[in-house]
Each structure stands twice: as C-alpha cells, then as structure tokens.
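First up is the structure itself, then whatever we jot down about it.
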Number of protein chains: 2
Amino acid sequence: MANINEVAKLAGVSVATVSRVLNGQDVVTPKTRLKVEDAIKKLNYEPSMLGRNLRNSESRVLLVLIPSISNPFYFEIIKGIEATALDYNYNILLCETDSNPERENIYFDLVRKKMADGIISMDPAVNIDTLKSLSEKHSIIQCSEYSTEGNIPYVTIDNEDAAYRAVKHLIKLGHQKIALFNSNEKYLYARQRKEGYIKALKEFNLPVKEEYMIYTDQLGFDNGSQATKKIMNLKDRPTAIFAVSDLLAIGALKELNSAGVNVPDEMALIGFDNIDFSNMTHPTLTTIAQPMYQMGTVAASMLINKINGKHVENTVLNHELLIREST
Amino acid sequence: MANINEVAKLAGVSVATVSRVLNGQDVVTPKTRLKVEDAIKKLNYEPSMLGRNLRNSESRVLLVLIPSISNPFYFEIIKGIEATALDYNYNILLCETDSNPERENIYFDLVRKKMADGIISMDPAVNIDTLKSLSEKHSIIQCSEYSTEGNIPYVTIDNEDAAYRAVKHLIKLGHQKIALFNSNEKYLYARQRKEGYIKALKEFNLPVKEEYMIYTDQLGFDNGSQATKKIMNLKDRPTAIFAVSDLLAIGALKELNSAGVNVPDEMALIGFDNIDFSNMTHPTLTTIAQPMYQMGTVAASMLINKINGKHVENTVLNHELLIREST
DNA sequence: CTGAAAGCGCTAACAA
DNA sequence: TTGTTAGCGCTTTCAG
C-alpha cells in the first residue's frame, strides 16, 4: 500500500503538496496538481484515515446509542442521523446497549479513547450520571428520551401532548374506560405520557383508575400480550387501550385477535411511534407518528455543531395523530 | 486530556514503560507498574486509539454491509457479529447500502482508507466485481447471500433444501397449487429457493406454472400485498403460498385478511426467516428458521481469522422448518 | 527490567 | 506556489 511519501516522490513534489491536493486546497498550480493526481492514480494510492485522524485528533465517527436494534422505532431516526453524518463526512457507530451498563461502558470508552468524536444517546436506560460526567469533556446529544440534568442538549417531541391527544381521540369516540399500557415510570417519556393520559381523562371528568394502568419493563410484543391478558381479566373491563409503543399495541392486538375480541368494536387500540408494521396489522393501527427521520437529522446536526464548538439549542419537534382502523 | 508523555513524566518512567503497563506486558516490575497505574489514575488518562491505531496500522473496526436496516432478518445476525467482535476487541460499523452503489462505495472507501479492517457483506445487491477486487487486498466475508466468484469465503444455509422442505410441507398438507413469492432472480438465494420449490413440485408430479411464480424487487410488506393481489385474480387460484421472506408473507397475510380469505383454510402461507413479527401475526406464520445469531458469530470469527492471516473455510449452517398456524 | 529513539501517515506552520 | 519540518500518541526495537 502506497503512502503519501511515495506519491510525493513519484510526482516529484513534497508531501505537503500532495496533502494539499488531497484536501482540495486551491493554492496548488493546476500543473503540479495534475502531476500529483497522476501519481496517485499510478500508485493506486488511498490516503489513510489513521494518519489523518491522529494528526487532526478526531475520528470522524459518531456513536449512536440505542437500547435495542430490533425496535423499529429507531430505524428512521438512524437513517436520518446517518444521512446527515455522511453529508458531513462522519460515520456512525451503532451501539446496542441492551440496557446493560457494562455494555454501555464499553461504548462510552470509545469516546474516551477517541475512537468516536461524540454521542447521540437514545437509550432511556442510559446511566445519566456517567453521561453527565462524560458530557463535560465530550460532545453529547440526547435524542427522543432525555434528562434535563447535566444540561445535555436534546431533541424530542412533546410526549405529554401526544398522549393527551391520543386519549382525547378515544374519549371523543365515546370511550370512558381507557387502559394505559405504559413502560417503567423511571423513564421520563413514560411519566410524560402518563401525564397526558391523566390530563385528558380529567378534562372529561373521567376517573383515573390504577387498575387500568399497566406497566411493562420492556417495550416488546410479549409485554403487550401480557398486559392485555391482565386487563381482560378485570371485572370492569376497559373498552380502549392506549399503548405507549406500537410494539406493545401489536402484542395487544395479537392477544385480542386470538381471544376473538373485535378491534375496534369491542376494544379500541392506539399505539405510539408509527412503525412500519403498524400499517400491516389487521386491523391497521391508529398511532402517534413522530417525525423520526427529522429527529435523526436534527440530532446529528446538533452533535456535529457541538463537536465544532458551536452553541446548540434544545429542539422539540411536532407529532401527529394517525387515525387508522383500530379506533 | 493527558497523553502518554505526561503519564510517563508523572510516574518518573519512560513512555515505553507506560506503554508496557497499558498493554499488560508482564516484564514490568510490580513496583514500577504501581507507579504508572497511580499516575494514570491521577491524570485520568485514557490511551488514545488514534495513536495506537496508526502505530499498529489497524482500526479494529469491522464493516457490516446490509441492504436495509429495517429488515428484521439481519437483527440476530448483527447481534451475533457484534458479540463476537466485542470479544475480540473489534467494533462494528453498520452500513446500510439501500442497494445503492454510490453508498456502497462510500463504505468500501472506509476499508480502502483504513477506517475499517475488514468487511462482512450481507448485501445481495452488492457489486460483486468491486467486492472481488477489494478482496484482493482486504479481508472480506460474505454472510447469507454470496457469490462463488472471486473465492470470497462465505457462511450461509442450504437455500434450495430449505425451500424444498417448505414446499414439501405444503404438498403433504394436500396442496397442489402452490404459489411462489420470490425476489429477483439476479440473487443467488432467489434462484436456489426457486430450485427447491421446483424440485418439490416435480418430485410429486405437480405442474410448475409460470403464473404461480411472482417476482418482487424488494422484500417489503407492500411487495407481499401486491403479489397476493396478483394471484387472487388468477382464474385457477392457488391454495398455498410459499414466500421467500417473512416480510413478503406478512404483507400477503395482511392482504388475505383484508380480503376475508381464511388462512390457512382457504390459503396456506409459509414464510422464510423466522423474524420476530412472524410469531405476532394472526394467525402466526409457519416459516423457515435460519440460525441467524450463529451465522453472525461464525461470520465475525471468519473475518477476524482472515484479518489475522489465517485460512478460513466456507460454512453451511442448518435451517429448520417451524410449523405454526398459517399452514 | 527499563529507556532512548524511530516511525506509523498525515497536516500545517513557517520559510523560501 | 511549494518545500521543510515538527509533531499528533502510540508501540517496538535495540541497547543498556
């Protein structure tokens, strides 16, 4: 593998000139540029990022922390991040924490060790203390889930309002007994969505019943199925479910279908996220759509700005209620 | 940020000694080791991978090429790759090509530019010529989809046999008119699965009808729905569908459910891949399960071996027919 | 067992 | 406009 020296020698110029050509600096005479380009072609030379990165003390890698790669919620966000990253000549290292602090630490180490220039954290279960202390020396952006501790910039949606609108939609449809499938309240979004749920109920003078609120530790299909079983056994069974994730809702739908409960007639169902699959169920799922791709591009832009020492502002994006067959 | 020099100075040793401690070389006296470790702690020192990587001319990054991040088929494979990679102190750069040659090239450039030490390609649409020429200088492994051109090592399953067994299962159930939802025949796996389909039909003296074979360009839900519409309009409508991907099958199921066609009574359905969703549909989907996680670990091990100059052998893993409600 | 020094491949300040 | 040179942070050879 040729290096910059050999190119310089073959072209009859100095390495500095080769470097200039490589970086598109227009101080170079067209004639010398041509010589250099010729030499590059002849030697099949490819500049090594290893040398360049050391010299520039940067890795041009952005770390993206997600709890699980199999949650479709993150797909579009990741695409947005990646597109923006590539635009700015960054690459993304997608890191799945499995909500495992040990694994998380492996990834944090990458930025400590300069293998990454910054982090976009989308992991609700992230250790916020570590994140905080890391953010003192490194660039970090929170995406979707966030904490206001530590002043780490974030991009998100108004979770409370989204939940409020979802539940209000159910109420307008005539539902009075509405279950909430929520995730663990240690997560901010869970607390916020619960707030929205309660706000809607209260606004219409409906009772807030503890037994209608089911908490699941994960946001998988199975958790949705389990939760559904629980509310089906209630003496005063709800007529509608608001699930804080489409995965949960789809698990619920599966259980309802199996139990022969008609959706939406006997049980209305509304999810959250608008993942692809939510439109492939039978019936299709009413859900809250977040501008995921945009969230990704915004997060990436914020991070890149932060890396470059610019000031970045927190961003709250708009959501949308998507009414489909399940309500 | 402290560097190795400052640590050496504070510890009163040379940088060489610090490096030895860092790399766990046991030539160092316990006493000096202690001094060094103290200094490291005091300075909060983290060794920079930038320097180390340049020196070792390696990046300890593995490139993983997939066509689309939203195809769940890849999840478990990626998990397998990642787990093995981490074991060997590698990180993976997950690269989504969108079957776009331009994007593909951006990623290939990363290994040319030494940002990555090797590639695991899972993209059926990959430019095999580029891959071939790249494999002359770089370590590459093909995973799942492969080409025998260029002698690039691969890990895969026996696609023909898998398809054969799927279709045989349908035939044993009494089906005589079986549709095939295949992807584009430019892909090897598509050709192989078609072979298996035909082999089973022939073995039972069933006619092979062109009109029962639908080709889709992508493996998404929508393609499955479209394909289903086509065969529903056939005068001699099939009674069973074998789809070469669960996504296709789920799209088909959606269409069948909407059209009020009972699955499996009026139309049996079998997919391929055993993605998570396949167990969440109503009815649940019969499918072919591939050992995806293992495929990932094997691919990663092969690649790491290749990077280290060892010889690697092609591997064919076992598959399994998972009979569920849709047949 | 430890240290001095070279060098991985590149960029940029400075000089010419 | 181009060249010389130092140095990014680390590992490793060679000497001691």
Side-chain angles (χ1 to χ4, degrees), chain A residues 1-40 43-61 89 109-117 137, chain B residues 1-40 43-61 89 109-117 137:
Chain A
M1 249 5 147
N3 64 18
I4 199 172
N5 285 295
E6 302 175 41
V7 175
K9 198 176 296 171
L10 181 61
V13 300
S14 74
V15 292
T17 301
V18 178
S19 175
R20 290 189 186 105
V21 171
L22 253 26
N23 293 290
Q25 283 170 234
D26 47 8
V27 283
V28 189
T29 307
K31 207 166 78 184
T32 44
R33 173 183 305 278
L34 229 59
K35 283 195 295 183
V36 172
E37 282 166 350
D38 267 6
I40 289 178
L43 294 174
N44 238 311
Y45 166 73
E46 295 278 354
S48 156
M49 296 302 280
L50 262 26
R52 166 195 292 234
N53 287 348
L54 173 60
R55 174 62 221 221
N56 296 344
S57 15
E58 63 174 10
S59 61
R60 299 212 79 82
V61 166
N89 262 300
D109 259 357
L110 293 181
V111 9
R112 295 195 189 101
K113 294 190 198 303
K114 313 237 193 217
M115 275 280 278
D117 296 340
K137 299 228 168 222
Chain B
M1 247 9 142
N3 62 18
I4 199 171
N5 284 296
E6 302 176 41
V7 175
K9 197 176 296 171
L10 181 60
V13 300
S14 74
V15 292
T17 301
V18 177
S19 174
R20 290 187 187 106
V21 171
L22 252 25
N23 293 290
Q25 284 170 235
D26 46 8
V27 283
V28 188
T29 307
K31 209 167 79 182
T32 43
R33 174 183 305 278
L34 229 60
K35 283 195 295 183
V36 171
E37 283 167 349
D38 266 7
I40 289 178
L43 293 173
N44 239 311
Y45 167 71
E46 295 278 353
S48 157
M49 298 301 283
L50 263 25
R52 164 193 294 232
N53 287 347
L54 172 60
R55 174 60 221 225
N56 296 344
S57 14
E58 62 174 11
S59 61
R60 299 212 78 82
V61 165
N89 263 300
D109 259 356
L110 293 182
V111 9
R112 297 195 188 102
K113 293 191 197 306
K114 313 239 194 214
M115 275 281 278
D117 296 340
K137 300 225 166 227

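Each chain gets a letter, A, B and so on, in the order the sequences are listed, and its residues count up from 1. For clarity, every value in this text was computed on a predicted model and none was experimentally measured.
- Between the axis at the start and the axis at the end of the helix from C:dC1-D:dG16 to C:dA16-D:dT1 there is an angle of 40°, using five pairs per end and rounding to 10 degrees.
- Reading DNA chain C from its 5' end, the first and the last nucleotide to sit under 4.0 Å from a heavy atom of chain A are C:dG9 to C:dA13.
- Other residues, nucleotides and ligands contribute only 12 or fewer heavy atoms inside 6.0 Å of the NZ atom of A:Lys9.
- Side-chain contact between A:Arg20 and A:Val27 is present, with heavy atoms from C-beta onward closer than 4.5 Å.
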Identify each donor-acceptor pair in which a side-chain atom of residues 50-57 of chain B lies under 3.5 Å from a protein atom, sequence neighbours left out, and give them as a table.
| residue | atom | partner | partner atom | Å |
| --- | --- | --- | --- | --- |
| B:Arg52 | NH2 | B:Asn23 | OD1 | 3.3 |
| B:Asn53 | ND2 | B:Met49 | O | 3.2 |

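- Ion pair A:Asp38/A:Lys35 not flagged as a salt bridge, since none of the NZ, NE, NH1 or NH2 atoms sits closer than 4.0 Å to an Asp/Glu carboxylate oxygen.
- In this structure, CD on B:Glu46 lies 8.0 Å from CE on B:Met1, to the nearest 0.5 angstrom.
- Distance check: A:Leu110 CG to B:Arg60 CZ gives 12.0 Å after rounding to the nearest 0.5 Å.
- Put simply, CG on A:Asn5 and CG on A:Leu10 are 12.5 Å apart, with the number rounded to the nearest 0.5 Å.
- Using a 4.5 Å heavy-atom cutoff, the side chains of A:Ser48 and B:Lys113 are not in contact.
- Checked against side-chain hydrogen bond (donor to acceptor under 3.5 Å, both in side chains), B:Ser59 has the following partners two or more places apart in sequence or in another chain: B:Asp117.
- With sequence neighbours excluded, the residues forming a side chain to side chain contact (heavy atoms under 4.5 Å, CB included) with B:Ile4 are B:Val15, B:Val18, B:Ser19, B:Leu22, B:Tyr45, listed by chain and number.
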Reading 5' to 3' through nucleotides 7-16 of chain D, protein heavy-atom contacts under 4.0 Å coded B for base, S for sugar-phosphate only, - for none: BBBBBBB---
